[in-house]
*Asks:* 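Quick one: structure below, then a few questions.
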Amino acid sequence: PLPLPRAAFEAALRGRTPAESEVMVGAPAARHNEQGVVVHVFQNATLNPETRGPDDATIVMFADGRAAMFRYAQQTR
């Protein structure tokens, strides 16, 4: 169940296709392409290790059809 620690989320998805990723963690809140790179945006899917609260956004970028890069975003409050 989500949210997962960032390391566990990355381990679950790294190297997987977008479809396989959705099976593992569910559908993303948003999907789009940026210059041919598939990007999935998940909300409240990972835990920020500093705050121990959920990250507002977890961004997964698929290179050559496989999850390769992960970014995390917080809203300024």
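No hydrogens, no waters, no symmetry mates; every other heavy atom, side chains included, goes into these values. If you're wondering where the values come from, they're calculated on a predicted model, not measured in any experiment.
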*Asks:* Kindly compute the distance separating NE2 (His40) from CE (Met61), expressed to the nearest 0.5 Å.
*Replies:*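 Output value for this atom pair is 12.0 Å.
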
*Asks:* Looking at every non-hydrogen atom in both residues, tell me the closest pair between Leu47 and Arg6 and how far apart they are.
*Replies:* O-CG, 3.4 Å

*Asks:* Would you mind listing the cluster partners of Leu13? Hydrophobic ones only (ILVMFWY), side-chain contacts under 4.5 Å, chaining allowed.
*Replies:* Leu2, Leu4, Phe9, Met24, Val25, Val38, Phe42, Val60, Phe62, Phe70, Tyr72

*Asks:* Closest approach of Pro28 and Val41, non-hydrogen atoms and distance?
*Replies:*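 That closest heavy-atom pairing would be CB-O, 3.4 Å.
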
*Asks:* Atom CD of Glu22 and atom CZ of Arg16: how far apart are they, to the nearest 0.5 Å?
*Replies:*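 Answer rounded to 0.5 Å: 13.0 Å.
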
*Asks:* Given Val39, which partner from the list Arg31, Glu34, Met69, Arg71 fulfils the side-chain contact (heavy atoms from CB on, under 4.5 Å) test?
*Replies:*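 Going through Arg31, Glu34, Met69, Arg71 one by one, the side-chain contact (heavy atoms from CB on, under 4.5 Å) with Val39 is satisfied by Glu34 alone.
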
*Asks:* Which pair of non-hydrogen atoms, one from Gly65 and one from Pro18, has the smallest distance, and what is that distance?
*Replies:*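 It is O-CD, 3.5 Å.
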
*Asks:* Is it true that a side-chain atom of Arg52 and a backbone atom of Asn48 form a donor plus acceptor pair closer than 3.5 Å?
*Replies:* no

*Asks:* Just how far is it from atom CG of Asn44 to atom CG of Asp56, taken to the nearest 0.5 Å?
*Replies:* 6.5 Å

*Asks:* CD of Gln43: more than 12 outside heavy atoms within 6.0 angstrom?
*Replies:*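 Not buried by this count: 12 neighbours or fewer within 6.0 Å.
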
*Asks:* Is it true that a side-chain atom of Glu20 and a backbone atom of Thr17 form a donor plus acceptor pair closer than 3.5 Å?
*Replies:* yes

